[in-house]
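Only one structure is covered here, and it is reproduced in the block below.
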Amino acid sequence: MRILIVKQLFNPEPTAKSLDFAKELVKRGHQVEVLTGFPSYPIGKIYPGFKQRLYKREQMEGVNLIRVPIYPDHSASGFKRFLHYLSYALSATFIGLWLVKKPDVCFVYQGAIPVAVPAIVLKKLRGVRFVYDINDLWPETVATSGMLTNSKALKIINAWCNWNYRNAGFITVCTPGFKKKLTAKGVPAEKMQFVSNWSRDRIDDTPLDQQRYEKYFKADAVNLLYAGNLGIVQALDVVLEAAKSFQDQNDQRINFILLGGGADETRLKEKAAGMGLHNLQFIPRVQSEEVSMFLNAADVLLVHLKKDPLFEITIPSKILAYLKSGKPILMGLKGDAKEILEAADAGFAFEPDSTEDFIRAIHAFLDLDGQKRKELGVQGAAYYQKALSLESSIDAIEEKLEMLCRKS
């Protein structure tokens with residue numbers, strides 16, 4: 001098949017279903033073209049080495065890319081973020097569609113709803129059907145993040161979402177809960193299938209160099225690492241409060257580490273400084289290929305999102321990377337994500353937004369001997385390979401692309 005991938009974020013940006021996805025489709029004999037933007041996520045400005053222009057053709061490891069201009073932004077402003085998403089949709093429609101070769105079928109990765117616009121235009125004008133891959137549930141996502149609270153605007157976004165769903169040839173969703181939610185909205189269940197994302201992080205045994213290890217990690221303590229976006233919905237105040245509790249009790253068995261950057265980074269650092277924390281380290285954002293070394297250096301990994309019904313049907317991508325890394329996990333989530341952790345038997349879940357329950361989970365982990373801690377990580381890695389790998393997920397996506405291609 002000749003497949004067009006419509007995706008706003010692509011390598012070198014850290015995002016799911018990017019170069020690894022495209023390369024696997026090429027490996028399977030398909031011709032793949034990617035319509036994407038100039039990279040800016042998550043720093044909110046165009047990456048060094050890239051300069052925006054009308055368009056740029058690029059080849060990346062055998063995959064053909066067309067980049068179109070965007071309005072870069074990753075601030076807490078809902079209006080600016082929407083301009084960011086809309087700018088890609090307009091550029092991809094009015095510039096990109098003139099540049100792509102006519103595909104047999106299209107794959108749309110939906111991080112934000114405007115991304116479907118070029119695919120819908122392509123369908124109306126040239127009869128190309130598309131698989132719509134839902135990774136964020138709108139308008140719930142923007143409402144939960146606090147970026148948009150206007151009820152009329154949320155209704156408009158919901159209507160826009162329904163228009164996207166109606167135009168999609170088939171819909172894949174990254175969690176079972178998303179399928180239930182969309183079915184309740186009237187999307188036919190037979191038009192949808194749960195297809196897990198996979199981890200795109202390179203996971204190997206490369207150790208962290210001694211200098212950086214000694215700067216952030218402690219050899220005589222359990223090192224608990226959170227790696228990812230320091231955003232509002234991650235609600236990482238629980239980490240600061242837990243660190244304060246351990247410090248006040250002079251319990252030096254655990255060292256807390258936050259790796260990454262984001263909209264809430266400055267506030268968290270200022271709060272930590274005001275609390276006088278000595279058992280909490282901040283590590284600046286690193287290149288995606290370096291993340292594996294930090295995961296290897298940690299003893300246990302943390303994932304947390306604020307308490308909200310939406311996140312009970314959300315599976316953050318970092319869970320997949322954590323499982324793949326073979327490290328035990330502490331998880332502040334309920335619902336679909338918690339079910340994965342329990343199925344994998346890879347760690348301990350705790351109540352989101354609860355410092356008290358987070359501390360309980362930490363103590364439960366500290367009470368295990370070294371061998372049992374390692375077994376949790378091994379069990380997680382085995383479950384990932386069995387149920388959540390790239391190959392098994394792309395098998396399902398390829399089947400749906402072929403189905404739409406035959407219909408076309």
Side-chain angles (χ1 to χ4, degrees), residues 6-9 15-17 78 81-82 84-86 88-89 93 105-124 128-197 232-233 305-317 319 333-340 352 393 396-397 399-401 403-404 407:
V6 176
K7 190 172 189 299
Q8 180 165 352
L9 307 182
T15 175
K17 291 192 180 78
R81 288 285 283 276
F82 191 73
H84 169 65
Y85 301 135
L86 186 61
Y88 167 76
T93 301
V105 68
C106 187
F107 177 87
V108 179
Y109 179 95
Q110 187 240 265
I113 55 169
V115 74
V117 171
I120 293 173
V121 171
L122 192 62
K123 174 195 172 187
K124 300 291 187 183
V128 178
R129 298 174 185 243
F130 66 93
V131 169
Y132 195 31
D133 190 52
I134 307 294
N135 291 269
D136 278 312
L137 205 59
W138 286 52
E140 291 84 349
T141 295
V142 289
T144 300
S145 69
M147 287 188 178
L148 187 63
T149 57
N150 184 285
S151 60
K152 289 184 179 179
L154 292 172
K155 286 181 180 179
I156 292 172
I157 290 175
N158 190 60
W160 189 345
C161 290
N162 291 333
W163 181 64
N164 290 351
Y165 303 147
R166 288 195 299 272
N167 277 283
F170 196 83
I171 296 171
T172 52
V173 292
C174 65
T175 77
F178 278 17
K179 182 176 179 179
K180 293 177 185 176
K181 194 78 172 178
L182 293 179
T183 302
K185 287 186 173 187
V187 180
E190 62 272 15
K191 190 180 180 178
M192 293 183 287
Q193 180 176 330
F194 162 58
V195 178
S196 172
N197 284 331
I232 296 169
V233 298
L305 291 173
K306 75 177 186 178
K307 191 172 184 178
D308 189 278
L310 173 62
F311 298 138
E312 295 183 18
I313 57 171
T314 298
I315 302 174
S317 60
I319 293 174
L333 276 170
K334 300 171 72 173
D336 290 345
K338 182 181 178 182
E339 289 178 10
I340 287 178
S393 294
I397 293 171
E399 178 186 343
K400 299 310 174 187
L401 290 169
M403 176 190 75
L404 295 187
K407 287 184 177 180

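- Heavy atoms of other residues, nucleotides or ligands lying less than 6.0 angstrom from NZ of K180 number 12 at most.
- Under the side-chain contact (heavy atoms from CB on, under 4.5 Å) criterion, K181 pairs with L137, E140, I313, not counting sequence neighbours.
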Considering only distance and modelled atom types, tabulate donor-acceptor pairs under 3.5 Å from the side chains of residues 152-162, sequence neighbours left out.
unit_1, atom_1, unit_2, atom_2, d
N158, OD1, K185, NZ, 3.1
N162, ND2, N158, O, 3.4

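- Shown here are the side chain to side chain donor-acceptor pair (under 3.5 Å) partners of K124, two or more places apart in sequence or in another chain: N167.
- Between the side chain of D336 and the main chain of T175, no donor-acceptor pair closer than 3.5 Å is present.
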Below 3.5 Å, can you tabulate the donor-acceptor pairs from side chains in residues 111-118 to any protein atom, sequence neighbours excluded?
none

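- Between W163 and I120, the closest side-chain pair of non-hydrogen atoms falls below 4.5 Å.
- To the nearest 0.5 angstrom, E399 atom CD is 12.0 Å from T172 atom OG1.
- By the 4.5 Å heavy-atom criterion applied to side chains, K7 and T15 are counted as neighbours.
- Considering every non-hydrogen atom in both T314 and P316, the closest pair reads O-CD, 3.6 Å.
- Here A189 pairs with K179, T183 under the side-chain contact (heavy atoms from CB on, under 4.5 Å) rule; sequence neighbours left out.
- Contacts classified as salt bridge (Lys or Arg N to Asp or Glu O under 4.0 Å) and involving residues 129-138 (residues at least two apart or in different chains) are given here: K17-D133.
- Applying the ring pair (Phe, Tyr, Trp, His ring centres under 6.0 Å) test to F107 and every residue at least two apart in sequence or in another chain returns F21.
- Rounded to the nearest 0.5 Å, atoms NZ (K307) and NZ (K334) are 5.0 Å apart.
- For Q193, the side chain to side chain donor-acceptor pair (under 3.5 Å) test picks out K400, with sequence neighbours left out.
- Closest approach of V173 to F178, counting heavy atoms only: CB-CB, 3.8 Å.
- S196 is linked by a side-chain contact (heavy atoms from CB on, under 4.5 Å) to F194, L320, L388, S393, counting only residues two or more places apart in sequence or in another chain.
- Looking only at side-chain heavy atoms (C-beta outward), Y165 and I134 come within less than 4.5 Å of each other.
- When each of Y109, F130, Y88 is tested with V6 by the rule side chain to side chain contact (heavy atoms under 4.5 Å, CB included), just one qualifies, namely Y88.
- Applying the ring pair (Phe, Tyr, Trp, His ring centres under 6.0 Å) rule to Y85 yields the partners W138; only residues at least two apart in sequence or on another chain are considered.
- Crowding of K123 atom NZ: a count of heavy atoms from other residues, nucleotides or ligands under 6.0 Å exceeding 12.
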I would like to know whether N197 and S317 meet side-chain contact (heavy atoms from CB on, under 4.5 Å); could you show each step before the answer? CA-CA 7 Å; N197 284 331; S317 60; 5.7 Å; no
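- For P309, there are no side-chain contact (heavy atoms from CB on, under 4.5 Å) partners two or more places apart in sequence or in a different chain.
- In terms of heavy atoms, R166 sits closest to K191 at O-NZ, 3.4 Å.
- Among residues two or more places apart in sequence or in another chain, the side chain to side chain donor-acceptor pair (under 3.5 Å) test is passed with Y132 by Q110, N164.
- The structure places CZ of F170 at 10.5 Å from CG of L401, a figure rounded to the nearest 0.5 Å.
- Looking at heavy atoms from C-beta onward, C174 lies out of side-chain contact with I315 at the 4.5 angstrom threshold.
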